[in-house]
Amino acid sequence: SFQDYDRYYQLNPDGNLSKYRSGQTNMFQVNYIFNQNSYLSLGIIDYKKEYKHFSYNSLSNYVHSDLNNQNTPTYSYSVGGVNQNRFKRETVSNTFKLDYINQINNIHQFKVGAEYRKHAIFYEDINLQYYTDGGFNPIYDNPFIDPFIDDISSINTSIYNFNPYEFSLYLQDKIEQDELIVNVGLRYDYFNPKGLLLSDPSDPFIYDPIKPEHIYDCSNFDGYCGDNESLQSLEDRLEYWYMPTTSKFMLSPRLGISFPISDQGVIHFSYGHFFQMPKFELLYYNADIDLDRGGTGNIGVIGNPDLKPEKTISYEIGTQYMIDSNSAIDMTLYFRDIRDLTGTRTDFIYTFNGSTYSQYTNSDFAYVKGLVISYKKSFNNGFSFTFDYTFQEAKGTASDPFDAYNASIASEYPEIHVVSLDWDQRHTINTTLYYNSKYYGIGLIGKIGSGQPYTPLLNSNFSNLINNSKFKPMTFNIDFKGSVRFKNNKNLRLYFNIYNLFDHLNHLNVYNDTGRADRTSYLNEALSQNTSQIINSVYDWFNNE
């Protein structure tokens, strides 16, 4: 259970969302050994994860929504009210695995396996509603008015279930010839999203359609479809409103080679195709089409259960070398080409009444390339030391599926060339220093990273034209870990940790005019507006420490 920091609710934390995340895994596995060279493994895994948020568990604890909409000046904290959103997402996955391994001879080890996985997805997103006869006066009226949940046909309520399933099969041969080791394999994946696609995208509103042929029963074919006909029911429309999604299948070849260059070193190489279905939240996003029927302009985004799998082709080559009996170094070069990432289509879908909406599609791509150097050293006096350096470049057409949609809404052009992605961190250093004795151990864990990119504000007369063209300040963090083992009870050990030992603040979310979190020209702009603050100053609002 946790709360994310929300500046608006800084002095009203009970009005902010309380969030809960849980997971439970049950596993059963049984192995049957045929002989010393072969065995069969059967596994059953049940996994349940849940996320939910709300301000209060009981609806009777909520206060009228108007308390959150009083004439609060800009740059002022909340002085009352609560967040009215209630959300729950639950996924239950049942997995059945079967693997067979056979060491056929001294050269070949054969593996074959199959896996079947079915999912049950539940989604609920509710914005609580209030009704007060004669209106609500926050000064005189009791604010504790029980809210109500709108009908499923309302834009304020989304509740749906989906049951996708997937199946995979793999074959692998491990070949050991003299000093050469080769792993070659092939994987088959099948996925059925069992989602629903709109038969007529120009009229997505099944509960309140806009086309006459979807409102009235025009089966008499008299050439007229209008208000002299009987109305269609929801059950009538369900018979033709949706069409099923298509199943997806993928073949993924894999190859790995390892061979020694001396009695102390080895070179390894790998190549493989990897497929991954987009997250369920992208497949089924806004699945009940909660769009504003009477709205104008662009009225939102819907998911796409017919998305193709995202494809990654990975190349990797490296070497491991033992310098002496107490130290070793490992160097790896890698490149990943990522295609069919989920984005938003730049050509809007037009509804029958002239408004537009967007839909997820496989429109984006990216690549990641890098170098990892790792060094490990152990000393005879109990000290040990590790050092890892990573150089990485991650570029693509979008960091977020909404990027193209947001650009179109802002009357800007979506990216047509690769830019640095939000998580592109060029240089990363991880290092540890440990000391272990018979009864205690202490250690320092440090991480230094170059700044990730952000989009700068060119000047007050232009919008953000260059995405992720500047980088935030460098970040670093040091943790302390220790343990004590008791002399009289060797089975008892006490652990203690200190995170962020020096209480250092890193610039993670920065202002686009300065690239820092602790200063901005927006402060002077806010001061010049001479707003009347209620319980905080403008300086308080811009204080991020």
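The model shown is predicted, which means the values in this text are computed figures rather than measured ones. Side chains are part of it too, since the values below use all heavy atoms of this structure and drop only hydrogens, waters and symmetry mates.
Residue-environment remark: CE (Met277) exceeds the threshold of 12 foreign heavy atoms within 6.0 Å. Counting non-hydrogen atoms of neighbouring residues, nucleotides and ligands closer than 6.0 angstrom, the CG atom of Asp324 exceeds 12 such neighbours.
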>> If you apply the rule side-chain hydrogen bond (donor to acceptor under 3.5 Å, both in side chains), what do you find for Glu166 with Tyr190, and how did you get there?
In response: CA-CA 5 Å; Glu166 52 191 310; Tyr190 172 89; over 6 Å; no
>> If you apply the rule side-chain hydrogen bond (donor to acceptor under 3.5 Å, both in side chains), what do you find for Asp388 with Ser374, and how did you get there?
In response: CA-CA 4 Å; Asp388 299 322; Ser374 301; 2.9 Å; yes
> ring-ring contact (aromatic ring centres under 6.0 Å, His included) between Phe167 and Tyr116: does it pass, once the steps are laid out?
Replying inline: CA-CA 5 Å; Phe167 172 78; Tyr116 172 77; 7.3 Å; no
> Which is it for Tyr100 and Asn102 under the side-chain hydrogen bond (donor to acceptor under 3.5 Å, both in side chains) test, yes or no, and what are the steps along the way?
Replying inline: CA-CA 7 Å; Tyr100 173 72; Asn102 191 333; 2.8 Å; yes
> Step by step, would you call Phe122 with Phe162 a ring-ring contact (aromatic ring centres under 6.0 Å, His included)?
Replying inline: CA-CA 7 Å; Phe122 173 77; Phe162 287 99; over 10 Å; no
> Between Lys481 and Ile445, is a side-chain contact (heavy atoms from CB on, under 4.5 Å) present by the stated rule, with each step listed?
Replying inline: CA-CA 8 Å; Lys481 294 182 178 290; Ile445 303 173; 3.4 Å; yes
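Between Tyr284 and Phe280, the two ring planes are tilted [angle within 30° to 60°]. In this structure, Tyr160 and Tyr123 have parallel ring planes: the angle between them is below the 30° cut-off, well short of the 60° mark.
Aromatic pair Phe476/His504: ring centres closer than 6.0 Å. Remark: aromatic rings of Tyr51 and His53 are close, center separation under 6.0 Å. The aromatic ring centres of Phe385 and Phe383 sit 6.0 Å or more apart. Proximity of the aromatic rings of Tyr285 and Tyr360 is defined here by a centroid distance below 6.0 angstrom, and this criterion is met. Proximity of the aromatic rings of Phe387 and Tyr375 is defined here by a centroid distance below 6.0 angstrom, and this criterion is not met.
Looking at Lys49 and Glu90, no side-chain N of the basic residue comes within less than 4.0 Å of a carboxylate O on the acidic one, giving no salt bridge. Contact check on Arg187 versus Asp189 returns a salt bridge, with a Lys/Arg side-chain nitrogen under 4.0 Å from an Asp/Glu carboxylate oxygen. In this structure, Glu393 pairs ionically with Arg426, as a charged nitrogen and a carboxylate oxygen lie closer than 4.0 Å. Ionic pairing of Lys248 and Asp306 is present here: one or more N-O contacts between side-chain nitrogen and carboxylate oxygen are shorter than 4.0 angstrom. The pair Asp99-Lys111 fails the salt-bridge criterion, with no side-chain N (NZ, NE, NH1 or NH2) lying under 4.0 Å from an Asp/Glu carboxylate O.
In this structure, a donor-acceptor pair under 3.5 Å is present between the side chains of Thr386 and Thr432. In the model, Thr342 has a side-chain atom that pairs as donor or acceptor with a side-chain atom of Glu310 under 3.5 Å. In the model, Arg86 has no side-chain atom that pairs as donor or acceptor with a side-chain atom of Asn127 under 3.5 Å.
A donor-acceptor pair is defined here as one N or O able to donate and one able to accept, closer than 3.5 Å; such a pair exists between the side chain of Asn362 and the backbone of Lys308. In this structure, the side chain of His273 does not engage the main chain of Pro253 through any donor-acceptor pair within 3.5 Å. Remark: side-chain polar atoms of Gln359 are paired, donor with acceptor, to backbone N or O of Gly303 under 3.5 angstrom. Side-chain atoms of Ser483 never come within 3.5 Å of backbone atoms of Tyr495 as a donor-acceptor pair (strictly under, hydrogens ignored). Not a single donor-acceptor pair under 3.5 Å links the side chain of Thr245 to the backbone N or O of Pro193. For Asn512 (side chain) and Tyr454 (main-chain N/O), no donor-acceptor pair under 3.5 Å exists by modelled atom type. For the pair Asn85 (side chain) and Ile126 (backbone), a donor-acceptor distance under 3.5 Å is present.
Between Ile302 and the options Leu291, Asp288, Ile349, a side-chain contact (heavy atoms from CB on, under 4.5 Å) holds for only Leu291. In summary, of the residues considered (Asp424, Asp422, Asn467), a side chain to side chain donor-acceptor pair (under 3.5 Å) with Ser399 occurs for Asp422 alone.
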